Amino acid sequence: HPMGWDAFGMPAENAAIQHKSHPATWTYENIAYMRGQLKKMGFSYDWGRELATCDVDYYKWEQLIFLEMFEKGLAYKKNSFVNWCPKCETVLANEQVEDGCCWRCDSEVQQKELDQWFFRITAYADELLDYTYKLAGWPERVLTMQRNWIGRSTGCEIDFPLEGRMTKIKVFTTRQDTLFGATFMSLAPEHPLALELTAPGQREEVEAFIERVRKTDKAKRTADDLEKEGVFTGSYCINPVTNRRMPIYLANFVLLDYGTGAVMAVPTHDQRDFEFARKYKLPLQAVIEPPGEKLDPEAMTAAFTTEGVMVNSGQFDGLSNSEAKERIADYLEKEGIGKKTVNFRLRDWGVSRQRYWGNPIPVIYCDLCGVVPVPKSDLPVVLPMDAIFSGEGGNPLAKVASFNTVTCPQCGEVARRETDTMDTFVESSWYFLRYCCPDFAVGPLDKERAEYWMSVDQYIGGIEHAVLHLLYARFFTKVLRDLGYVNIDEPFTNLLTQGMVIKDGAKMSKSKGNVVDPNALVDRYGADTARLFSLFAAPPEKDLDWSDQGVDGSYRFLNRVWKLAYDTLPLVQEVPLLDPAALTDEGRVLRRAVHKTIKKVSEDIEDRFHFNTAIAAIMELVNTLQSFEPKNDARNTPVLKEALDSVVLMLAPFVPHFSSELWACLGHGEGLDRASWPDYDPEAVIDEELLVVVQVNGKLRGRITVPADATETLVKEVALADDRVKANIEGKTVRKVIYVPGKLLNIVVG
RNA sequence: GCCCGGAUGGCGGAAUUGGUAGACGCAAGGGACUUAAAAUCCCUCGGCCGCAAGGCUGUGCCGGUUCGAGCCCGGCUCCGGGCACCA
């Protein structure tokens with residue numbers, strides 16, 4: 001159970017700006033404090049494997065991995081947009097944009113195009129998707145979210161010739177069955193052809209539109225209730241199957257990131273296109289009709305998007321549209337108009353950050369040689385400590401001259417170092433692998449040790465990581481496999497997604513700063529009470545609204561156990577070996593309770609991680625033990641001893657300090673950490689009598705006790721003899737009797 | 001908006017596979033002990049009716065399936081997470 005610190009990132013840089021200090025100072029101080037908190041709580045981490053991702057001994061290996069990904073084409077550069085504050089002259093994270101304005105100076109945020117580094121996660125899209133069906137130890141909801149995120153869809157790429165030019169516009173669609181109804185074309189405003197296609201007379205209007213759309217954030221742009229807006233470019237393309245002239249528009253709801261950034265618009269069968277067409281008075285052509293009905297495009301109030309019969313589609317008329325989907329796809333391939341293709345919603349992972357507190361991307365730019373990777377022998381590229389943090393003027397790293405100016409490793413001329421650092425998700429994508437060999441000095445991973453430990457038996461993390469972190473970690477593992485570092489396909493065999501701790505209506509997090517310091521609880525009640533209370537509050541996968549109401553109860557419970565043990569101690573000093581046959585009836589009942597509890601607690605811990613119910617079961621046993629009488633009957637003292645020992649052993653994982661102390665007091669020579677988890681005796685948990693619930697027409701009318709081996713006939717007999725049951729079926733005919741063995745009997749009368 | 005979850009007493013939660021709704025704990029009220037307080041112990045504790053036995057009702061809302069629904073199905077409401085630069 002290793003522990004480490006994912007330590008790069010924006011919060012440290014913000015704190016440095018705020019406190020006029022250095023992110024490294026802030027980070028290492030926090031690490032020291034948090035390490036103290038964890039140790040105080042008595043967590044059994046393997047501190048010999050501790051690492052911090054901001055240590056050069058960690059991030060230098062990440063630089064090596066980056067270079068190897070670059071060699072394989074898995075790391076590449078392309079243009080993309082960032083939030084830009086013109087006043088602070090800095091790139092803003094999405095979190096730093098509030099209502100389209102800079103969180104620091106309130107200036108209107110712009111979209112700025114930058115050349116940035118990307119990881120080709122899309123090359124692994126199919127594998128990442130396929131393995132979601134093989135991760136049996138993962139919660140289904142996480143797998144569902146990942147599948148939807150990857151968003152594989154099959155459809156066609158179709159080429160639309162441009163009027164008066166030699167080039168074509170490529171479109172991706174899953175609805176090739178509606179191709180004959182495509183009456184215009186919508187492009188993303190960022191589409192590379194957007195300006196090129198703009199007629200001279202339209203230029204001003206188009207440029208203004210592009211500028212306006214760029215300012216809207218993406219979540220708003222994909223919302224269904226977005227007001228559909230567009231602008232005509234003045235150009236046309238040709239529908240390849242109908243030869244219809246299709247005006248080309250730019251539309252605010254079309255995204256460059258999805259498909260090809262161009263959409264063939266079929267207003268009759270797509271709601272967004274429908275709204276757009278009505279607004280700009282564009283033609284409609286129905287090509288699918290509900291069976292036995294005619295569609296009048298003029299009279300439609302919404303697009304018809306369900307299954308139907310093909311019309312106005314030439315040779316495909318009369319087919320069901322699902323069949324036409326296949327036939328039209330085949331036709332397009334045969335005619336060379338388009339081809340069947342698979343599209344993913346998943347996009348490549350942009351890893352460039354224009355920030356200081358991150359892992360420097362090991363690349364050099366030379367006027368003569370272009371992009372030159374830092375030679376592996378020159379690694380690490382060490383993050384310089386002499387930077388200034390003002391929050392303005394962009395990346396502090398770009399102003400450190402000693403860092404920036406280098407000689408080109410290829411030609412020896414003066415060159416410039418990359419000042420972008422990597423997304424901190426990169427560090428968290430492989431740290432668990434480094435835990436196998438944190439001291440390995442000649443490479444990122446010692447293959448032998450990585451093979452020994454991997455994959456992670458039990459990974460634990462917040463549900464908020466369901467998609468991004470957990471998908472990146474899976475991707476990175478596959479990349480490292482293909483680079484020859486590991487021999488596993490997936491990093492995490494079993495996954496437990498913890499619920500979040502909610503404080504003041506939002507998740508408790510270091511970036512929000514609404515955290516509760518466990519030290520206060522530890523100081524007041526001790527570590528064991530703090531541990532017991534947190535585990536008792538809720539099962540781990542559930543969100544928890546933080547409140548320390550109830551912590552007194554955990555404290556009282558431990559005091560009761562302590563007192564019980566001390567009061568019972570004189571009676572169990574020298575007890576004979578337990579002989580189940582020698583017990584009194586009361587002793588046998590107590591022993592059954594002990595062994596049933598061991599069974600339940602073991603299962604709750606091991607199968608479900610439901611520590612709250614495990615603790616509740618131990619509390620019940622302690623209650624039973626407290627009221628057990630007579631305690632001083634010599635025939636029962638062996639079972640008293642067994643009960644006490646079991647309680648202490650079962651409490652050990654939750655309250656280790658407390659339990660160790662009690663264990664020694666109970667006279668065990670060997671320490672608790674050497675003791676085995678108790679086993680339950682299958683004989684001892686068998687009930688002699690069973691409680692059967694009796695219902696009449698599904699309503700509870702009685703409870704009867706029968707011998708454990710009672711037959712259905714006997715149970716019915718006893719039930720029908722019950723006064724309350726009798727009263728409820730009197731004067732009615734018994735129509736049916738349902739018996740759930742040993743549990744329930746339902747008498748249906750009418 | 002889209003994707004994924006959640007909703008059970010005054011509160012945290014339990015009910016593991018469709019079979020006793022409310023385990024365990026907190027808070028509250030009552031009592032014992034004490035000169036007093038703290039601590040501890042005992043009792044009550046979903047709602048309505050009833051002296052009681054018991055009856056009716058109740059798991060966000062509306063509807064359905066079933067002998068039986070907190071759990072399954074359809075339709076909603078509200079809350080939370082994610083939406084690619086918070087991590």
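Side chains are part of it too, since the values below use all heavy atoms of this structure and drop only hydrogens, waters and symmetry mates. Predicted, not measured: the structure shown is a model, and the values here were computed from it. Every chain is numbered from 1, with letters handed out A, B, ... down the list of sequences.
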Mind checking [X] for me? I need base, sugar-phosphate or nothing, with any heavy atom below 4.0 Å counting as a touch.
X	result
A:Val737	nothing
A:Gly350	sugar-phosphate
A:Ile747	nothing
A:Ala537	sugar-phosphate
A:Lys542	sugar-phosphate
A:Ser352	base
A:Arg735	nothing
A:Arg724	sugar-phosphate
A:Val740	base
A:Gln498	nothing
A:Arg147	nothing
A:Ile618	nothing
A:His469	nothing

For atom [atom1], what is the distance between [N] and [M], given to the nearest Å?
N	M	atom1	result
B:rA7	B:rC61	C1'	11 Å
B:rA69	B:rG18	P	14 Å
B:rC72	B:rU59	C1'	16 Å
B:rG68	B:rG19	C1'	7 Å
B:rC26	B:rG13	C1'	10 Å
B:rG81	B:rG31	C1'	48 Å
B:rG47	B:rG10	C1'	13 Å
B:rG60	B:rG5	C1'	16 Å

For the pair made of [atom1] in [X] and [atom2] in [N], what is the distance, rounded to whole Å?
X	N	atom1	atom2	answer
A:Leu744	B:rA69	CG	P	12 Å
A:Gln96	B:rA87	CD	P	9 Å
A:Phe557	B:rC41	CZ	P	12 Å
A:Glu140	B:rG5	CD	P	9 Å
A:Arg345	B:rG1	CZ	C1'	13 Å
A:Phe344	B:rA84	CZ	C1'	17 Å
A:Ile729	B:rC67	CD1	C1'	15 Å
A:Met10	B:rC86	CE	P	6 Å

May I ask you to evaluate whether [X] reaches the phosphate of [N], defined as a side-chain N or O under 4.0 Å from OP1 or OP2?
X	N	result
A:Arg556	B:rC41	no
A:Asn612	B:rG12	no
A:Arg141	B:rC3	no
A:Arg353	B:rC85	yes
A:Asn623	B:rG25	yes
A:Lys743	B:rG19	no
A:Arg608	B:rA14	no
A:Thr424	B:rA87	yes

(message) Is a donor from one side chain sitting under 3.5 angstrom from an acceptor on the other, for A:Arg560 and A:Gln626?
(response) yes
(message) For the residue pair A:Thr132 / A:Gln146, report whether a side-chain donor-acceptor contact shorter than 3.5 Å exists.
(response) no
(message) When you measure from the centre of the six-membered ring of A:Tyr124, is the NZ or CZ of A:Lys478 closer than 6.0 Å and no more than 45° off the axis?
(response) no
Paired nucleotide for [N] [Watson-Crick or G-U wobble; both distances under 3.5 Å]:
N	result
B:rU44	B:rA28
B:rC83	B:rG1
B:rC78	B:rG6
B:rA37	none

Selected nucleotide, minimal atom distance to [X] side chain, candidates [options]:
X	options	answer
A:Leu468	B:rG13, B:rC83, B:rG81	B:rC83
A:Asp423	B:rC24, B:rA87, B:rC83	B:rA87
A:Lys736	B:rC41, B:rC56, B:rC67	B:rC67
A:Arg560	B:rG25, B:rC85, B:rC67	B:rG25

I'd like to know if [X] reaches the base of [N] with its side chain such that a donor and an acceptor end up less than 3.5 angstrom apart.
X	N	value
A:Asn746	B:rC67	yes
A:Glu464	B:rC4	no
A:Lys699	B:rU20	no

(message) Pick the closest RNA chain B nucleotide for A:Val91 and for A:Ile738 by heavy atoms, then say which residue is nearer the 5' end.
(response) A:Ile738
(request) Using heavy atoms to find the nearest nucleotide of RNA chain B for A:Gln354 and A:Leu700 separately, return the residue whose nucleotide is more 5′. (result) A:Leu700
(request) Taking the side chain as every heavy atom from C-beta outward, state whether A:Cys54 and A:Trp5 have any atom pair closer than 4.5 Å. (result) no
Is the [X]-[Y] ring centre distance short of 6.0 angstrom?
X	Y	answer
A:Phe8	A:Tyr59	yes
A:Tyr472	A:Trp349	yes
A:Tyr356	A:Phe389	yes

Less than 4.0 angstrom from a charged side-chain N to a carboxylate O is my criterion; do [X] and [Y] meet it?
X	Y	result
A:Lys563	A:Asp567	yes
A:Glu730	A:Lys726	no
A:Glu140	A:Arg147	yes

(message) With the 90 degree cut-off around zero defining syn, does B:rG9 come out syn or anti?
(response) syn
